[in-house]
Asks: 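Questions regarding the structure given below will be posed in turn.
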Amino acid sequence: MPELPEVEVVRAGLEPAITGSTVTGVRVFDERSLRRHDAPAEDFIDRLVGSTFGEPRRRGKFLWVPVSTGSTREDEALVIHLGMSGQVLLREPDAPLDRLTRISIDVAHPEHGSLRIDFVDQRIFGSMAIDALVESGDVPGDLVPSQVAHIARDPMDAHFDDARFFEKLARRNTGIKRALLDQTLISGIGNIYADEALWAARIHYDQPTPTLSRPRAKTLLAEVRLVLGKALAEGGTSFDAQYLNVNGESGYFSHSLNAYGQQGLPCPRCGRMIVREQFMNRGSHFCPWCQRVRTGR
DNA sequence: CCGGACTCCTGGTTGC
DNA sequence: TGCAACCAGGAGTCCG
């Protein structure tokens with residue numbers, strides 16, 4: 001379940017390693033990992049081999065690397081989504097392949113030499129694709145892959161508009177966790193950090209958005225940023241320059257979780273038991289005492 | 001607009 | 001010990 005912090009750690013690790021490198025070979029071991037590429041694997045390989053990587057970018061949980069061929073501008077990108085279990089591993093060219101490697105990309109960097117980028121994914125919810133870069137719409141000259149165009153900016157994005165978010169949130173008529181997980185409203189938040197931020201803000205996951213006051217919404221957004229920022233800081237320190245190994249588990253810093261996966265354990269704030277309920281086909285972890293649905297007044 | 005159901009998927013864990 | 005059932009959920013789509 002890589003969320004914004006885990007994806008950002010991957011992006012930050014890839015940046016110095018692959019920016020400016022040229023693709024020398026691509027192997028697709030499982031075409032299911034190209035689900036979001038709208039042409040056969042041969043097309044994916046043809047468009048990648050010989051092209052040069054630009055600086056890796058990210059929006060929410062989507063990661064992409066602009067590619068250019070010869071004299072052409074960067075009008076396409078390699079789009080990466082880690083899904084539930086995806087990993088991007090940087091390896092020496094002759095290192096053994098992980099058993100679950102779905103796609104492997106060989107690159108040559110003018111200074112760092114040869115390198116292998118392995119896309120490892122157990123559950124194959126993740127994917128790689130080559131996609132056209134299009135204007136993001138809100139900031140002139142800002143390009144995003146077409147399949148990312150509908151994804152909202154994430155709360156760590158300098159262009160994230162707090163006021164607009166509050167307005168859109170207030171107009172929604174749904175439960176707050178559903179809204180937090182809606183990537184078209186705010187991106188980068190998944191099940192873990194949604195539960196953590198709601199716990200920190202003392203808000204029940206099914207609190208109707210119209211009943212959430214502006215101050216409480218502001219508190220929630222602040223807690224979202226705190227939770228993401230903290231995970232980012234911890235993830236950043238565990239990064240090994242030699243290998244990018246950002247998997248769910250290793251990136252999750254379970255020692256710092258207050259609600260997610262803590263069912264049956266005491267709430268770190270009030271000592272009452274954290275419970276887990278099914279909601280939206282996933283688990284919701286919360287403190288029934290600290291996080292109660294609030295009615296009008 | 002909203003929510004629910006369904007799809008994709010498999011390794012690790014649990015239960016018998 | 002062996003095997004089957006179960007579980008995790010990000011994102012897209014479709015339907016009522």
Side-chain angles (χ1 to χ4, degrees), chain A residues 1-8 10-11 28-38 41 58-64 79-88 97-103 119-129 131 144-154 167-198 205-212 224 228 231 245-252 254 257 259-264 276-286 293:
Chain A
M1 299 146 272
E3 303 178 28
L4 186 155
E6 292 76 29
V7 179
E8 174 56 24
V10 173
R11 192 209 64 76
V28 177
F29 301 109
D30 196 322
E31 291 209 31
R32 292 175 299 178
S33 291
L34 292 177
R35 183 169 293 120
R36 299 178 75 96
H37 183 77
D38 63 4
R58 182 189 57 73
R59 175 176 286 197
K61 305 170 198 171
F62 279 86
L63 174 65
W64 68 91
V79 185
I80 306 169
H81 196 290
L82 301 178
M84 288 289 299
S85 53
Q87 293 172 271
V88 177
L97 283 168
D98 187 288
R99 191 167 52 88
L100 299 171
T101 304
R102 311 298 185 187
I103 296 169
F119 183 66
V120 179
D121 189 11
Q122 182 213 120
R123 277 171 261 188
I124 321 187
F125 277 12
S127 62
M128 280 188 160
D131 191 17
V144 297
S146 69
Q147 57 186 255
V148 180
H150 67 293
I151 302 292
R153 289 184 183 275
D154 62 64
E167 284 165 22
K168 284 162 83 177
L169 187 65
R171 280 200 296 270
R172 286 293 173 96
N173 190 14
T174 189
I176 184 61
K177 183 172 176 182
R178 207 179 283 278
L180 282 184
L181 294 177
D182 182 347
Q183 306 296 304
T184 69
L185 181 66
I186 182 171
S187 69
I189 305 168
N191 202 40
I192 296 176
Y193 298 120
D195 281 0
E196 289 300 305
L198 287 167
Y205 65 83
D206 213 12
Q207 178 80 39
T209 47
T211 67
L212 198 66
V224 163
L228 295 179
N245 193 346
V246 184
N247 179 10
E249 277 60 58
S250 61
Y252 283 134
S254 52
L257 293 175
Y260 183 85
Q262 307 301 300
Q263 62 271 25
R276 180 183 194 275
E277 286 181 6
Q278 278 294 122
F279 178 70
M280 288 178 73
N281 268 327
R282 43 171 69 72
S284 271
H285 314 74
F286 68 106
V293 177

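First the proteins, then the strands, lettered A, B, ... as listed; each starts at 1. Source: prediction; values computed, not measured.
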Asks: What integer distance in Å separates A:Met280:CE from C:dA11:P?
Replies: 11 Å
Asks: Identify the heavy atoms of A:Ile103 and A:Phe29 that sit nearest to each other, and give their distance.
Replies: N-CD1, 4.2 Å
Asks: For residues A:Pro210 and A:Asn173, report the shortest heavy-atom separation together with the two atoms involved.
Replies: CG-OD1, 3.5 Å
Asks: Could you tell me which non-hydrogen atom of A:Val79 sits nearest to which non-hydrogen atom of A:Gln147, and how far apart they are?
Replies: CG1-OE1, 3.9 Å
Asks: Output the rounded distance in Å from CE (A:Met128) to P (C:dA11).
Replies: 17 Å
Asks: Is the backbone N or O of A:Tyr260 less than 3.5 Å from a side-chain atom of A:Gln262, with the two atoms forming a donor-acceptor pair by type?
Replies: yes
Asks: Over its full length, what angle do the end axes of the helix from B:dC2-C:dG16 to B:dC16-C:dG2 make, each axis taken from five pairs and the result rounded to 10 degrees?
Replies: 50°
Asks: Shoot me the first and last contacting nucleotide of DNA chain B against chain A, ordered 5' to 3', at under 4.0 angstrom to non-hydrogen atoms.
Replies: B:dC2 to B:dG11
Asks: Rounded to whole angstroms, how far apart are CG on A:Leu185 and P on C:dA11?
Replies: 14 Å
Asks: May A:Phe125 be described as stacking on the base of C:dG9, applying a 5.5 Å centroid limit and a 30° limit on plane angle?
Replies: yes
Asks: Might you point out which heavy atoms bring A:Leu180 and A:Ile189 nearest each other, and give the distance in Å?
Replies: O-CB, 3.7 Å
Asks: Round to a whole Å and report the spacing from CZ of A:Arg59 to P of C:dG10.
Replies: 20 Å
Asks: So, does A:Thr209 use its side chain to make a donor-acceptor pair with the main chain of A:Arg172 at under 3.5 Å?
Replies: yes
Asks: Tell me: CZ of A:Arg123 to C1' of C:dA11, nearest whole Å?
Replies: 15 Å
Asks: Would you say a side-chain N or O of A:His81 is under 4.0 Å from OP1 or OP2 of C:dA11?
Replies: yes
Asks: Does the base of C:dA8 carry an N or O that pairs as donor and acceptor with the side chain of A:Arg282 under 3.5 Å?
Replies: no
Asks: Atom CG of A:Leu63 to atom P of C:dG10: distance rounded to whole Å?
Replies: 17 Å
Asks: Any idea which heavy atoms bring A:Lys177 and A:Leu198 closest together, and the distance?
Replies: CB-CD1, 3.8 Å
Asks: I need the CZ-C1' distance between A:Arg178 and C:dG10, as an integer number of Å.
Replies: 15 Å
Asks: Regarding A:Arg58 and A:Asp154, does a basic nitrogen lie under 4.0 Å from an acidic carboxylate oxygen?
Replies: yes
Asks: Just the table, please: protein N/O against nucleotides 12-16 of chain C N/O, every pair under 3.5 Å.
Replies:
residue: C:dG12; atom: OP1; partner: A:Arg36; partner atom: NH2; Å: 3.2
residue: C:dG12; atom: OP1; partner: A:His150; partner atom: NE2; Å: 3.2
residue: C:dG12; atom: OP2; partner: A:His150; partner atom: NE2; Å: 3.4

Asks: Between A:Arg282 and A:Asn191 (side chain of the first, backbone of the second, donor and acceptor by atom type, cut-off under 3.5 Å), is there such a pair?
Replies: no
Asks: Is A:Gly283 touching bases, backbone alone, or none of the nucleic acid, heavy atoms closer than 4.0 Å?
Replies: sugar-phosphate
Asks: Under 4.0 Å, heavy atoms only, any strand: does A:Leu181 hit a base, just the sugar-phosphate, or nothing?
Replies: nothing
Asks: Check whether A:Ser85 reaches the backbone of A:Asp121 with its side chain - one donor and one acceptor, N or O, closer than 3.5 Å.
Replies: no
Asks: Is A:Asn173 touching bases, backbone alone, or none of the nucleic acid, heavy atoms closer than 4.0 Å?
Replies: sugar-phosphate
Asks: For a quick test of reading the model: is some side-chain N or O of A:Tyr193 closer than 4.0 Å to OP1 or OP2 of C:dG10?
Replies: no
Asks: Are any side-chain N or O atoms of A:Asp30 and backbone N or O atoms of A:Arg102, one a donor and one an acceptor, separated by less than 3.5 Å?
Replies: no
Asks: Rounded to whole Å, how long is the line connecting atom CD of A:Glu3 with atom P of C:dG10?
Replies: 6 Å
Asks: Main chain of A:Gly190, side chain of A:Glu3: is a donor-acceptor contact present, judged purely on distance under 3.5 Å?
Replies: yes
Asks: Where each residue is assigned the nucleotide of DNA chain B containing its nearest heavy atom, which of A:Gly175 and A:Asn281 is assigned the position nearer the 5′ end?
Replies: A:Gly175
